[in-house]
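Below: one structure, written as structure tokens.
Ligands are counted one by one from 1 in listed order, and the atoms in each one are counted from 1 as well. Throughout, numbering of the chain's residues begins at 1 and tracks the sequence.
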Amino acid sequence: MTADLFDALRSPGPAREPLAPGAMLLRGFARPDEAELIAAIETIIQRAPFRRMITPGGHQMSVAMTNCGPFGWVTDRSGYRYDAVDPESGARWPAMPPLFRELADKAATEAGFAGFAPDACLINRYEPGAKMSLHQDRDERDIGAPIVSVSLGLPATFLFGGLKRTDKTQRHRLVHGDVVVWGGPARLAFHGVAPLAEGEHALLGRRRINLTFRRAR
Ligand code: MD6
Ligand code: FE
């Protein structure tokens with residue numbers, strides 16, 4: 001008993017919260033890397049600025065997006081797709097920093113998906129009021145790979161449903177540094193983000209930034 005308690009104190013490991021079979025929340029997993037992550041994001045957005053894309057239905061998204069890595073997720077009137085080129089600049093997306101790749105692989109391994117090699121990192125920026133409607137992530141060729149999602153800045157309410165749009169949704173509060181890993185039987189679950197509440201974060205101000213790492217191609 002006492003030895004177990006000391007073991008727990010010596011190596012507490014990350015706080016793991018299973019959300020569903022295949023979906024795991026790693027509380028504070030990205031906190032140690034916060035400064036480097038934010039600095040890298042600042043560099044990326046100088047070359048590939050955040051922009052509010054248009055959905056195939058003609059609506060402008062409230063979330064502003066950019067990407068880094070070999071492929072970037074984009075939407076316009078013609079549909080959703082992964083593209084090696086930023087349509088705004090005509091150039092390739094900025095490279096994925098090694099720290100991003102390493103963090104995503106470490107988190108995936110922690111959640112039971114060893115050997116995750118993301119080739120796309122979508123960067124989402126939410127300002128108060130911005131939201132993401134319920135959706136499935138199904139534009140990736142290999143849905144055998146998980147998705148790793150890193151939350152920075154203001155807290156958000158993550159909506160997590162089932163395999164049908166009409167399934168009941170759970171709500172989870174995601175705060176700065178939290179990482180969600182999502183694969184296996186959860187990979188095609190419907191999910192979204194409730195409208196972001198007003199607030200001010202010490203490092204990021206009036207924003208939430210989310211990184212989602214995928215194996216797109
Ligand atoms: C967000 N995330 O947290 C939006 N998708 O801002 C997602 O859409 C998402 O967090 C798949 C897996 C994890 C996610
Ligand atoms: Fe998603």
Side-chain angles (χ1 to χ4, degrees), residues 17-30 37 41 50-53 55 61-69 71-75 80-82 100 103-105 107-108 110-113 116 118-163 165 167 169-197 199 201 204 206-216:
E17 296 177 23
L19 302 185
M24 181 84 83
L25 169 49
L26 305 169
R27 285 285 180 203
F29 195 81
L37 289 170
I41 292 164
F50 283 118
R51 78 293 305 264
R52 289 173 58 200
M53 299 183 196
T55 66
M61 299 186 78
S62 60
V63 178
M65 300 178 171
T66 186
N67 293 276
C68 67
F71 299 101
W73 187 87
V74 293
T75 174
Y80 307 127
R81 66 185 179 279
Y82 282 95
F100 282 30
L103 176 65
D105 179 45
E110 196 61 45
F113 300 99
F116 179 48
D119 61 4
C121 173
L122 171 64
I123 307 175
N124 293 320
R125 183 198 68 200
Y126 296 70
E127 291 176 338
K131 67 180 172 72
M132 180 90 67
S133 304
L134 274 188
H135 66 278
Q136 291 172 298
D137 288 19
R138 52 187 305 165
D139 302 318
E140 300 73 29
R141 190 168 297 165
D142 174 15
I143 60 161
I147 292 181
V148 173
S149 163
V150 177
S151 293
L152 297 169
L154 288 177
T157 300
F158 192 59
L159 311 171
F160 175 66
L163 296 178
R165 184 180 291 278
D167 289 344
T169 55
Q170 310 169 23
R171 299 165 76 88
H172 298 281
R173 184 178 158 88
L174 299 181
V175 305
H176 179 77
D178 287 351
V179 176
V180 179
V181 181
W182 179 294
R187 182 62 181 72
L188 290 177
F190 277 90
H191 59 280
V193 177
L196 200 77
H201 185 269
L204 283 170
R206 258 176 105 251
R207 295 180 292 175
R208 168 176 185 258
I209 292 181
N210 165 263
L211 310 174
T212 57
F213 294 92
R214 298 101 187 278
R215 184 81 199 164

Under 3.5 Å, is there a donor-acceptor pair between the side chain of [X] and the main chain of [Y]?
| X | Y | answer |
| --- | --- | --- |
| R52 | M61 | yes |
| R165 | L134 | yes |
| D139 | R81 | no |
| R51 | M65 | yes |
| H191 | Q136 | no |
| S62 | K131 | yes |

- [ ] Have a look at the Fe ion (ligand 2) and estimate, to 10 degrees, the angle subtended by NE2 (H135) and NE2 (H191).
- [x] 80°
For residues 153-161, please give each side-chain donor-acceptor pair under 3.5 Å, one per line with the distance, not counting sequence neighbours.
none

Between the protein and ligand 1, are there any N or O atom pairs that come within less than 3.5 Å of each other, and if so, what are their names and distances?
unit_1   : atom_1 : unit_2 : atom_2 : d
ligand 1 : 3 (O)  : R208   : NH1    : 3.4
ligand 1 : 3 (O)  : R208   : NH2    : 3.0
ligand 1 : 3 (O)  : N210   : ND2    : 3.2
ligand 1 : 5 (N)  : D137   : OD2    : 3.0
ligand 1 : 5 (N)  : H191   : NE2    : 2.7
ligand 1 : 6 (O)  : Y126   : OH     : 2.5
ligand 1 : 6 (O)  : R208   : NH1    : 2.8
ligand 1 : 6 (O)  : N210   : OD1    : 3.4
ligand 1 : 8 (O)  : H135   : NE2    : 3.1
ligand 1 : 8 (O)  : H191   : NE2    : 3.2
ligand 1 : 10 (O) : S149   : OG     : 2.8

Task: the Fe ion (ligand 2) - closest N/O/S atom in D137 - done: OD1
